[in-house]
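These notes concern the structure reproduced below.
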Amino acid sequence: MNAHFALLALPLPLFSEFSYLIPPSLAGKIQVGSLVEVEFKNRRLLGWVVALQEESPPGLEIKEILRLAPVAPLSAGGLLWTKILSQLYLTPWGMMLSFFTPALLPSFWDSAGKRVFSGSHTEASEESFSIPPQGMNFFVFQEKFGRKKKKWEKLIKNGVLRREEETLEVAETTYPRKDSGWWSIATRKERESFLLSFVEKMQEENRKALLVFPDFRALDYFTSFVENQFPQLRVIKYDSRLASRRRFLAYKLAEEGDFDLILGTRGSIFLPARDLYYHVVFDPEDKGHYSDRPPFHDTFRLLHEKVKIKGGSLEVVGITPSLSMYHFLSTQEFRKRDFPVLSRASAPPVNLISYEKKWGSSLTFSVRKAILQVLNEKGRVLIWVQKRGYTPALGCRDCGFYYVCPHCGVAFRYYKETRSLICPLCGKKEEIDLFCPRCGGVWLEGWGEGVEKVGEEMKKAFSHQQVVVIDSEKEGEAEEPLSSSILVGTSLLLREEILQGASLLVIWSLEDWLYLPDINAKEEFYLSLQRIQALLGLASPVPPRIFIQGRKGMEKEMSQFLQPPRDFYPPLLEKRKILGYPPYEVLARVVKRYRNRGKDELVLRKLKSSLEEKGIEVGGPFPAQGRKWGEESEEITIHYTRERAEEVFNVVSQFFSREGKRKGEWRIEVEF
DNA sequence: AGCACGCCGACT
DNA sequence: GTCGGCGTGCTC
């Protein structure tokens with residue numbers, strides 16, 4: 001069979017693929033899964049070949065493929081993986097595939113397209129290049145032995161080295177068994193001993209592994225640990241800090257299977273790692289594992305889909321299972337792994353302190369007393385505050401006016417030092433007025449307490465102590481906050497190094513956590529509390545304690561958060577089952593930003609009815625909640641079972657290739 | 001997405 | 001008289 005055309009998935013937000021002509025020079029070289037460069041609307045793009053075609057679509061002038069990229073084609077399994085992901089996340093295939101596309105600088109093409117071998121002329125040269133019998137990619141060779149163009153050309157001429165065109169074949173390994181597990185391991189020390197036994201096991205079995213961490217800090221720490229413990233291992237460390245050359249080297253080594261272990265952050269899961277059996281994800285709920293753009297996919301779910309298709313194992317390491325992991329454990333999709341934990345004597349005691357009515361500061365007498373006591377014992381105090389900035393809102397004392405972001409419809413957050421307002425959803429900045437813009441009143445005041453304000457209050461209340469505020473924005477700056485005696489901060493405080501050295505943690509106001517609109521807020525708070533209980537004060541000289549301040553009458557609500565997972569999760573899961581929410585069903589939101597309200601509403605309704613024609617449940621249109629575009633946008637919500645994901649994808653993609661080109665912005669978010 | 005083509009306002 | 005705004009259409 002001789003295909004003349006290739007169907008390409010290009011990195012465009014379009015739900016369609018494009019046909020290109022295979023030039024005679026590339027006939028037979030291009031296969032399904034190849035990466036090629038083409039011209040598209042006066043630009044050059046890299047696209048993956050998703051099918052070969054005998055015929056071209058009629059009535060079109062088809063352009064030629066310009067060149068074949070010097071990387072191995074994606075395997076059938078790999079292609080299927082990306083296809084399934086694109087369907088699940090209602091994202092164009094080419095957009096999903098673009099995560100897997102290496103950044104190829106112009107200078108890489110030539111060398112990466114060639115391969116070197118030891119030549120027949122085995123001159124006892126002053127240097128020996130340990131080139132394996134199967135040869136070495138020339139790009140890799142130059143990264144290992146230096147980019148010395150003249151020298152290599154000479155050696156090739158002499159016959160010391162032999163260089164050929166690289167022919168890259170599909171390397172597909174699938175493992176028959178899927179075997180995934182959950183490990184509950186809290187501390188770094190314990191995770192080190194987990195890694196010791198894990199790497200030993202992996203070596204015994206002669207298998208390769210990928211370890212994915214949520215941030216650079218953890219990655220750096222465990223990479224140097226592994227490298228010190230196992231100096232003979234071939235380790236690839238991969239994260240977004242790599243320069244392009246090193247990044248592509250990692251890509252090539254992974255592709256070639258020239259590694260034993262890959263350690264990386266989120267992006268490392270897209271490497272074409274050959275013969276990978278083990279996938280280990282640390283702290284899967286951490287924000288670092290989530291893409292920051294719609295559809296917000298994450299390491300855990302991506303790898304979970306991978307092992308479903310290609311086999312192997314997905315091992316998840318965390319402190320407490322999340323709601324979805326708890327569900328997977330009860331359905332046996334994941335198995336609970338046992339690890340000998342050097343368990344702590346007992347979790348720190350939790351004290352609930354209620355205030356009747358807030359005026360000024362929320363600092364209660366009991367908490368103040370506890371803080372003084374800890375300071376007296378030379379312990380460190382952490383104050384955990386939910387809101388960032390100075391106050392979560394700024395308004396007029398006289399008329400009740402408060403500043404609202406014009407396009408998100410939520411209160412602006414107030415920052416005192418800069419006298420500025422920032423929208424917590426879209427980041428829009430505004431200056432504040434001298435007088436109330438509505439009534440001209442002179443008293444503008446902040447409502448509620450953010451970290452900065454609490455910090456200010458603590459400085460006043462404990463004026464002889466060093467109080468440091470950690471707001472997420474200044475993460476990098478205050479590298480050594482550990483020396484202060486009182487630390488006030490948002491969730492950034494919950495880092496292991498900070499928690500373990502502290503003797504007292506105060507949750508400033510419980511209601512700030514419980515009355516969040518987000519459906520996942522409860523779970524997030526629960527996991528944070530579990531984390532605190534596991535790590536607080538492990539290295540503190542004083543037995544650690546937890547104080548929670550909350551409005552009177554919240555005791556009952558609080559007590560649920562002190563339950564173990566087997567009591568905390570089932571009612572939440574039951575509720576989600578009834579509502580058709582994840583993890584039972586897929587929940588997709590299609591948000592449309594309006595320009596012309598009347599017309600645009602019709603367009604959303606049209607999508608809704610074409611889904612309903614297929615018997616798929618759709619809610620809305622509602623005013624869009626939560627993220628950006630608040631008031632000028634509407635959304636529909638789609639519920640469906642996993643089995644119908646492909647069907648929904650087809651309806652949505654058809655809809656968008658017809659109607660999506662209409663003016664206006666869309667966004668799609670999916671949870672499952 | 002990106003880029004060209006097209007039709008209306010303030011400018012050397 | 002032109003530069004340039006972004007609304008609209010299209011991409012193998």
Side-chain angles (χ1 to χ4, degrees), chain A residues 2-27 29-69 73 79 82-83 85-86 89-104 270 291-297 407 426 590-604 606 627-629 632-633 649 652-670:
Chain A
N2 222 338
H4 290 98
F5 302 94
L7 189 65
L8 300 191
L10 296 169
L12 302 165
L14 303 173
F15 284 92
S16 52
E17 284 81 49
F18 292 82
S19 294
Y20 279 82
L21 189 63
I22 299 175
S25 60
L26 291 175
K29 290 185 178 169
I30 286 176
Q31 45 184 311
V32 173
S34 294
L35 180 66
V36 296
E37 188 179 52
V38 293
E39 191 178 271
F40 179 89
K41 200 60 191 305
N42 295 331
R43 306 171 259 166
R44 289 186 164 212
L45 295 177
L46 287 173
W48 295 93
V49 176
V50 294
L52 294 177
Q53 304 170 308
E54 303 277 327
E55 314 252 321
S56 74
L60 281 176
E61 225 179 273
I62 307 282
K63 289 182 181 165
E64 275 195 353
I65 288 174
L66 298 175
R67 49 182 176 164
L68 176 62
L79 226 39
T82 61
K83 178 74 194 162
L85 292 178
S86 108
Y89 285 105
L90 299 175
T91 297
W93 197 357
M95 289 302 270
M96 197 63 232
L97 274 165
S98 67
F99 288 97
F100 294 80
T101 310
L104 278 162
F270 303 111
S291 148
D292 54 1
R293 289 202 316 234
F296 304 108
H297 42 46
H407 64 249
C426 70
V590 179
V591 188
K592 169 92 175 92
R593 180 172 196 172
Y594 290 153
R595 332 170 88 251
N596 174 337
R597 198 169 189 95
K599 261 191 185 171
D600 287 347
E601 231 166 317
L602 280 179
V603 181
L604 261 187
K606 214 161 165 183
R627 302 180 195 279
K628 285 189 186 185
W629 306 343
E632 334 149 14
S633 63
F649 176 83
V652 170
S653 64
Q654 252 185 46
F655 175 81
F656 273 92
S657 31
R658 271 183 295 109
E659 309 282 345
K661 47 184 134 185
R662 281 205 194 193
K663 49 204 156 200
E665 294 165 84
W666 298 85
R667 66 156 63 205
I668 302 178
E669 296 169 18
V670 184

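Below, chains carry the letters A, B, ... as their sequence lines are ordered, and counting in each starts from 1.
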Regarding [X], tell me which of base, sugar-phosphate or nothing describes its non-hydrogen contacts under 4.0 Å with the strands shown.
X     : value
A:E61 : sugar-phosphate
A:L10 : nothing
A:Y20 : sugar-phosphate

Rounded to whole angstrom units, what separation is found between the [atom1] atom of [X] and the [atom2] atom of [N]?
X      : N      : atom1 : atom2 : result
A:L45  : B:dA1  : CG    : C1'   : 9 Å
A:R658 : C:dC10 : CZ    : P     : 16 Å
A:L12  : B:dA1  : CG    : P     : 10 Å
A:W93  : B:dA1  : CH2   : C1'   : 20 Å
A:L60  : C:dC12 : CG    : C1'   : 6 Å
A:R44  : B:dC3  : CZ    : C1'   : 17 Å
A:N42  : B:dC5  : CG    : C1'   : 13 Å
A:F15  : B:dA1  : CZ    : C1'   : 13 Å

Member of A:V38, A:L104, A:L97 meeting the side-chain contact (heavy atoms from CB on, under 4.5 Å) criterion with A:L46: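 Output: one option passes, namely A:L104.
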If you check every side-chain atom of A:F18, which of C:dG9, B:dA4, C:dC12 has the closest atom?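 Looking only at side-chain atoms, A:F18 lies closest to C:dC12.
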Between C:dT11, B:dA1, C:dC12, which one does the side chain of A:P13 approach most closely?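 Among C:dT11, B:dA1, C:dC12, the one nearest the side chain of A:P13 is B:dA1.
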Considering only heavy atoms and no angle criterion, is a donor-acceptor pair shorter than 3.5 Å present between the side chain of A:K63 and the base of C:dC12?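 By the distance-only test, no, there is no pair.
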Side-chain heavy-atom pair A:I30, A:Y20 within 4.5 angstrom cut-off: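 When only atoms from C-beta onward are counted, A:Y20 and A:I30 do not touch, as no gap falls below 4.5 Å.
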Can you confirm whether A:L85 sits close enough to A:H297 that some side-chain heavy atom of one is under 4.5 Å from a side-chain heavy atom of the other?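 Contact flag for A:L85/A:H297 side chains = no.
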Would a line drawn from the ring center of A:F100 to the ring center of A:W48 be shorter than 6.0 Å?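 No - the distance between ring centres of A:F100 and A:W48 does not fall below the 6.0 Å cut-off.
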Once the angle between the rings of A:F99 and A:F270 is folded into 0 to 90°, is it parallel (under 30°), tilted (30 to 60°) or perpendicular (over 60°)?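 Taking A:F270 first and then A:F99, their aromatic rings lie parallel (interplane angle under 30°).
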